[in-house]
Structures are given as C-alpha cells and as structure tokens.
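Chain identifiers are assigned alphabetically (A, B, ...) following the order of the sequence lines, protein sequences preceding nucleic acid strands; residue numbering begins at 1 within each chain. Being a predicted model, the structure only gives us computed values, none of them experimental.
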Protein chains: 2
Amino acid sequence: MSQDFSLGTVEVALGPRERFEEFLQSRGKRITQQRRALVDEVFKRHDHFDADDLILHLSRVSSNRRVSRPTVYRTLVELVDAGLLRSMTLGGRTVYEHDYGYPQHDHLHCQKCNKLIEFHSDEVARIGEALAQEYQFRVTGHRLIFSGICADCRVQKRPTRKLDLV
Amino acid sequence: MSQDFSLGTVEVALGPRERFEEFLQSRGKRITQQRRALVDEVFKRHDHFDADDLILHLSRVSSNRRVSRPTVYRTLVELVDAGLLRSMTLGGRTVYEHDYGYPQHDHLHCQKCNKLIEFHSDEVARIGEALAQEYQFRVTGHRLIFSGICADCRVQKRPTRKLDLV
DNA sequence: ATTTATGCAAATCCTTTGCAAATCT
DNA sequence: AGATTTGCAAAGGATTTGCATAAAT
C-alpha cells in the first residue's frame, strides 16, 4: 500500500467539483448553479469554516452566484455525504474541512483563541485497529481532538511549567 | 506508579455530593435543594445522559426534589467545572458522563444503534505528550471517538433494534 | 413536461437570559 | 438582612422544514 499523500500536492483523480457532479448524478440529483457555487466557494478555502462563513460570502454575490441559507445547509450535508467534506462539532457549531484529497489528520484545539492546529499520527489508526479486533467493531473513522492552550495564548499567562495532563 | 483504578470499585476521597459541596463552598456558591437533587440524580446514573434525561426525571418529583429546566442546565455547567462531569457533543446534543473517580477513557460510537462503548488507552495520553512538546501546546484534555458499526449491529442484516438517531 | 431544487418565512431544537420571587448563610 | 438562586417566560442561535415558484433534465 503506497502513501501518495504529501502536504503540498495531493494525488486525486478528479477535482472536487467534478467529483461532486459525479456524486450528484449517481444519485439522480441535479447540478444546479448554487451547488456549483457552493463547491467552488468551499474549495477556495484552505482552513476550517462553518455554514455562516459561506452564507456571508455567498449572500452578496451576483444573482447567479447567490445561495440562500437553507440551500447552504442542504448542500453542506450533500458535500459531506459525497466525501468531499468532513464535519465536526465544536462548541455547538458545526465546523467543516476538506476531506477529499486531503491527508488524514486530527486536531489540537485552543480553548482560548479557538484556533485549530492539525497534526497527523499513525498511532491513532493503530489504536483503532486494535480496538476493532478487540470489540469486533467495524471502525469507519475517528475524531481526536486535544484541547488546551496554544503556544501563542500561553505567553500571556503564567510562567511555563511542566505540562500537566488531565 | 500504581494504577488504583479498577472498573468495579474506584478509590476516591469523597463522594460526588461531598465533592460538589466542597467545590461550591470554595466558590462562595450555595448548597441548595436543587443542586443536591441534581448531583444525586446525576450519580444515580451509570451511563451517558443529556440535560433532557435529567429534566424528565426531575420534573415530576415531589416539590423539594423538583428542578426546573434552566437550573438543570446551569448546574450541569457547574458539575463540569467541578470536575464531576465531562461533556461531549454528539450530533448537536450535549452528552454527559461521570468524570470523578472514573478512569480516563475514550469511546467507540456505533452509528447504527447509537451505542457508546468505552475503552482505555494509554497510547492517547502519550500522543498528547508528544504533541504538547512539539507544538508548545498545553494539553488539558482530549476527546477520541472511533465511529463505526458495533458487533451487535454487524450481525443483524436488518436493524431490529430501536435506533434513536441523534 | 416532469421532477427536483430553491428561497422565503416560519418552525424546531437545544440552550440561555432577564427578572421578580424564593431561598441560603 | 443581604446575597445568591430559582423558576417562569421569553429570547437566542444554529439548523431545518413547508410550500409555492424557479430551474434542471
């Protein structure tokens, strides 16, 4: 099994838009202006975002690029179904990130500034395999978030002490 | 280093109720009927629960055990602050579990029947330590959830069980 | 010509808040 | 007494839905 991923360039057969259209067709769904606008907007981003970010950017655009609030939400669900996006809930809000042609990773979440730092660890997958075996559980994915205070935010606070894990 | 935990009995200095009262006092907060009722109700449980579960059980009790919705929510926050409970968001809902005198663990979440299976892994903490070092991040906790299909649900072709989707 | 998708407004769901009355210390 | 809490009703914020109209196949 080869790892074709690298942080800079990623090997994927199709672009996200093509991939989405393929998905839509496979389900008898239609390729509309707003779905196109959405994928484009979503893949213009390279960080984490939520529905409101998109709504904000798509609400004041020329009419054929304008997408309504309900449609943004409806399409976001489809993009997740299509495997293009991954979602996670952070403090009541649903946050999205690319999941297509993007290396598997997990997060460090700063509780002060809300920053998300990505990291990768093979360990996690190994733990998952062991668990699958032990519990006869079919693991399809995981979500690991370490929370705490990021380097930037630590500066303002107390002197640097030894890290105390909870 | 000794592991004083066992799944059956756990060593703790105080019971949850005493611990909570200690916490309240240390903050100049008051020990009220409803806070007492809440801790008791919460620690009667041994599984995961949400605010509504508690509200349901505490809404039709004799007047001195009755607790209103807002108070349930307010007290839940305090219980988390006090380190007695831990919360996580699962599909828009906030779910709680004991965090006091309860071994550190993570979860396997069955997407079919919604079951939560707990497991423990020291590995995760180790990953956290490594990351803390690497990113100069102060890790205060983590949340790891493997999702997939549990053994029970894998066996059944058709879901014959209740599935309360979240 | 069908059938699906969109947008609007209103509805839901969970959670939080303002405030007067009740309850602690 | 004096301060904190409670409960009620209402507000909030994010996400969803009903339905008539617009757009895609």
Distance-only donor-acceptor check, side chains A:Glu97 and A:His105, under 3.5 Å: yes
Given D:dT5, D:dG7, D:dA14, which nucleotide is nearest the side-chain atoms of A:Asp52? D:dA14
Quick one: is A:Gln34 getting a side-chain N or O under 4.0 Å of the C:dG7 phosphate, OP1 or OP2? yes
Nearest to side-chain heavy atoms of A:Pro70, which nucleotide of D:dT17, D:dG7, D:dA3: D:dT17
B:Tyr73 OH to D:dT6 P: how many Å, rounded? 16 Å
OP1 or OP2 of C:dC24 sitting under 4.0 Å from any side-chain N/O of B:Gln33? yes
Separation of C:dT17 atom P from B:Arg69 atom CZ, nearest Å, is 16 Å
A:Thr32 side-chain N/O to C:dT6 phosphate OP1/OP2 under 4.0 Å: yes
Rounded to whole Å, the CG-P distance (A:Leu24 to D:dA23) equals 19 Å
To the nearest angstrom, the CD-C1' distance between A:Glu78 and C:dA5 comes to 9 Å
Side chain of A:Arg93: nearest nucleotide among C:dA9, D:dT25, D:dA14? D:dA14
Report the relative orientation of the aromatic rings in A:Tyr96 and A:Phe49; use parallel for angles under 30°, tilted for 30 to 60°, perpendicular for over 60°. parallel
I want to check one thing: is the phosphate of C:dT15, taken as OP1 and OP2, less than 4.0 Å away from some side-chain N or O of B:Thr94? yes
Side-chain donor or acceptor of B:Arg30 under 3.5 Å from a matching atom on the base of D:dA3? yes
Is B:Ser68 close enough to D:dT6 that one of its side-chain N or O atoms is under 4.0 Å from OP1 or OP2 there? no
In this structure, how many angstroms lie between the P atom of C:dT6 and the CG atom of A:Leu76, rounded? 13 Å
Main-chain N/O of A:Ser87 paired with A:Arg143 side-chain donor or acceptor, under 3.5 Å: yes
Starting at the 5' end of DNA chain C and moving along, which residue's nearest nucleotide shows up first, B:Val95 or A:Val72? A:Val72
Would a distance-only check, ignoring hydrogens and angles, find a side-chain to backbone donor-acceptor pair under 3.5 Å from A:Gln25 to A:Glu22? no
Run the salt bridge (Lys or Arg N to Asp or Glu O under 4.0 Å) test on A:Arg17 and A:Asp40 for me, step by step, so that the C-alpha distance in whole Å, both residues' side-chain angles and the decisive distance to 0.1 Å come before the verdict. CA-CA 7 Å; A:Arg17 184 159 163 177; A:Asp40 290 353; 2.8 Å; yes
Nearest-Å distance, CD1 (A:Ile55) to P (C:dT6)? 14 Å
Whichever of A:Thr75 and B:Lys29 has its nearest DNA chain C nucleotide further upstream toward 5': A:Thr75
Check the angle between the aromatic planes of A:Phe20 and A:Phe23 and answer parallel, tilted or perpendicular using the 30° and 60° thresholds. parallel
Once you apply a heavy-atom cut-off of 4.0 Å, does A:Arg66 come out as touching a base, just sugar-phosphate, or nothing? sugar-phosphate
How many Å lie between CG on B:Leu90 and P on C:dC14, as a whole number? 14 Å
Rounded to whole Å, the CG-C1' distance (A:Leu38 to C:dG7) equals 14 Å
Among D:dG7, C:dG7, C:dT3, which nucleotide sits nearest the side chain of A:Arg74? C:dG7
